*Asks:* 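Shown below is the structure under consideration.
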Amino acid sequence: MINVTIWNEYIHEKESEKVAQVYPNGIHGAIAEMLGKSGEYNIRTATLDMEECGLTDEVLNSTDVLIWWGHMKHSDVPDEIAEKVRQRVLAGMGFIPLHSAHLSKPFVKLMGTLCRSKWRENDEKERIWVIEPSHPICKNLPEYIELPMEETYGERFEIPAPDELIFISWFSGGEVFRSGCCYKRGLGKVFYFRPGHEEYPTFYRDDITQILKNAIEWAKPSEGPVPTLGHFEALENVKDKFEGQDESLKKHTYIK
Ligand code: ZN
């Protein structure tokens with residue numbers, strides 16, 4: 001089973017009546033509930049108010065894929081925790097930052113750019129176009145998904161060019177946004193997914209859950225070989241090839 005940890009700053013849901021009505025168990029609770037229906041995952045949740053943000057070494061080291069929602073309190077996540085997340089991604093953990101987590105410390109660190117964008121809260125429609133139908137994260141999706149109301153994000157989105165851009169969103173106010181961005185960082189995979197403003201029930205949708213499930217499957221650690229790093233002895237007996245040759249030949253001869 002894939003070990004999925006869902007991290008949420010969990011502030012809006014406690015401070016806003018409106019948000020609490022949409023997500024009575026928190027955004028992390030809603031995502032856990034939807035993903036949990038299939039019984040395919042070991043799901044844990046972690047929040048900002050927990051010790052070490054709920055991301056102890058034990059939790060991080062046993063997480064295959066980390067989902068992250070944050071907005072108001074990115075700066076309250078200690079640099080040390082953000083760095084641990086980055087290191088875990090480089091070592092192979094999958095990372096799925098959602099919506100306003102484009103400004104979360106771990107994502108910004110992994111991207112190396114500012115990651116800002118335009119935004120507007122105006123109850124506009126979002127149409128998410130699937131532009132790479134053969135990508136694993138697009139499995140079982142229709143050509144586009146419409147969210148009747150979402151927060152509007154607009155380009156420019158200050159990210160490095162994604163390794164694979166799989167979704168583009170259009171909003172009824174006219175903006176467009178790169179809303180599904182895939183990156184490899186070290187041995188890990190990162191999928192930024194745009195929707196999920198706290199005032200809309202986006203995370204209760206089956207199509208959004210399907211995307212998260214596909215993304216978990218894509219981002220989970222690979223089963224490839226563990227690379228050897230640092231100084232390493234030659235696999236072939238290189239020295240014998242030069243036996244009997246004079247010094248000048250040794251210097252200029254490539255070994256075939
Ligand atoms: Zn938002």
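Remember, it's 1-based here, ligands and their atoms both numbered in the order they're listed. One is the number of the first residue; the rest follow in order along the sequence. This is a predicted model, so every value here is computed, not measured.
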*Asks:* Do other residues, nucleotides or ligands put more than 12 heavy atoms under 6.0 Å from the OH atom of Y144?
*Replies:* no

*Asks:* Would you say H71 has an N, O or S atom lying under 2.8 Å from the Zn ion (ligand 1)?
*Replies:*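 No.
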
*Asks:* Measure from the Zn ion (ligand 1) to every N/O/S atom of H197 and report the name of the nearest one.
*Replies:* ND1

*Asks:* If the test is salt bridge (charged side-chain N to carboxylate O under 4.0 Å, His left out), which one of R127, R194, R120 qualifies with E175?
*Replies:* R120

*Asks:* Other residues, nucleotides and ligands only: do more than 12 of their heavy atoms fall within 6.0 Å of CD on E121?
*Replies:* yes

*Asks:* Please determine which of Y153, W119, Y192 meets the ring pair (Phe, Tyr, Trp, His ring centres under 6.0 Å) test together with H99.
*Replies:* Y153

*Asks:* Is the Zn ion (ligand 1) less than 2.8 Å from an N/O/S atom of E151, whether that atom is in the backbone or a side chain?
*Replies:*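 True for E151.
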
